Structure formats: C-alpha cells, structure tokens
Amino acid sequence: MQKTLYLGACVSLLVLIFLCLAWELWLAPLRPGGSWLALKVLPLLAPLMGILHGRRYTYQWASMLILAYFAEGVMRAFGDAGASAALALAEALLALIFFLCAVLYARLTRRSQPRSA
C-alpha cells in the first residue's frame, strides 16, 4: 500500500507539473503564444525532490500546497470554456489524487506513538 501511495503521489505531481506548463504555454494559454501564468509551476517544483525521495515531512506540507491548485482547477473548470475548462478539470483531479496519496502516505509512515495509561 505504501509503494502504491508513493507512486500515486509522484506520478500525479509530475503529470500536474507538465499539464500546467503545457496548458499555459501551448494548449490553451490566456494569451496567444503563451502566458506568464506558466510560472504557477514553480511552487510545485519545491516539494518535488522530497516527494521523489519519500520524505514524510515533504508529503505533509505539500498536501497543503496542492490545495491551491485544486481550488484553481475547480474555479477555472466552472469559469472557463472549451479546452481550458477540460484542462482545469484535469488539474483539479490530479491535485485531488496527489492530496489523497500524500495524506495517506504521511499517515501510513508515521512513527508509532506509545499509548498512555
């Protein structure tokens, strides 16, 4: 189970990074030729190495960071039209997958606490 959650978090984060770049530069940018909104990928690069190395602390704080991408995806899915709405829905879905995998991975890898009497 732990390996599955690790892979789910890694894959969803990497796909989300590539999706956001492709979305804002080629697939459906706000302006023809690309958009500065592609810089929204930079915060996703911060936890990348910790996620790939399976660091529990990174999973914990990255699960909070990803909620901003989920919120953006939901808002743009309802506010945009056409390809942009579909890409926004994909962003929200990937963010949700990452969130669930990260939270469950962090919970599964926590140290056992001794029970108090």
Side-chain angles (χ1 to χ4, degrees):
M1 182 68 165
Q2 184 176 335
K3 183 76 168 172
T4 304
L5 294 171
Y6 167 79
L7 286 173
C10 290
V11 169
S12 61
L13 182 61
L14 288 170
V15 172
L16 183 60
I17 290 170
F18 289 115
L19 173 78
C20 289
L21 279 176
W23 179 7
E24 300 301 342
L25 293 176
W26 302 290
L27 299 176
L30 290 177
R31 291 184 170 72
S35 167
W36 280 96
L37 200 53
L39 294 176
K40 72 180 180 184
V41 170
L42 292 178
L44 291 174
L45 297 177
L48 184 60
M49 292 310 294
I51 296 296
L52 293 175
H53 286 111
R55 296 189 183 116
R56 183 174 183 268
Y57 181 71
T58 306
Y59 277 79
Q60 290 173 323
W61 67 262
S63 67
M64 294 295 107
L65 170 72
I66 206 72
L67 293 176
Y69 293 86
F70 176 75
E72 183 207 15
V74 170
M75 294 304 296
R76 288 186 71 178
F78 286 106
D80 292 355
S84 186
L87 293 168
L89 195 57
E91 177 186 30
L93 182 63
L94 287 167
L96 182 62
I97 292 169
F98 177 83
F99 177 79
L100 292 173
C101 289
V103 167
L104 293 173
Y105 180 87
R107 184 177 179 143
L108 207 62
T109 59
R110 72 177 173 208
R111 292 188 196 115
S112 298
Q113 299 293 328
R115 292 185 180 195
S116 58

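Not measured: the values here are computed from a predicted model. This chain uses plain numbering: 1 for the first residue, then up along the sequence.
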Least distance between heavy atoms, [X] atom then [Y] atom:
X	Y	answer
A28	L87	CB-CD1, 4.0 Å
I51	T58	N-CG2, 3.8 Å
L44	P47	O-CD, 3.3 Å
P29	E24	CB-O, 3.2 Å

Hydrophobic cluster identity match, [X] and [Y], side-chain contacts under 4.5 Å:
X	Y	answer
L21	V15	yes
W23	L89	no
L5	L93	no
L94	L100	yes
V103	F70	yes

- request: Please lay out, stage by stage, how L14 and L48 fare under the test side chain to side chain contact (heavy atoms under 4.5 Å, CB included).
  value: CA-CA 8 Å; L14 288 170; L48 184 60; 3.7 Å; yes

Check: [Y] and [X] side chains under 4.5 Å, non-hydrogen atoms:
X	Y	value
L39	W36	yes
P43	Y69	yes
K40	E91	yes
L96	I66	no

field: Gap between atom CG of L27 and atom SG of C20 - 0.5 Å precision
entry: 11.0 Å

Donor-acceptor pair, [X] side chain versus [Y] backbone, under 3.5 Å?
X	Y	answer
Y105	K3	no
S12	G8	yes
R76	A88	no
Y6	L52	yes

- request: Tell me, please, which residues at least two apart from Q60 pass side-chain hydrogen bond (donor to acceptor under 3.5 Å, both in side chains).
  value: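 side-chain hydrogen bond (donor to acceptor under 3.5 Å, both in side chains) list for Q60, sorted by chain: empty.
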
- prompt: Relative to the ring of F98, is the ring of Y59 parallel (under 30°), tilted (30 to 60°) or perpendicular (over 60°)?
  reply: parallel

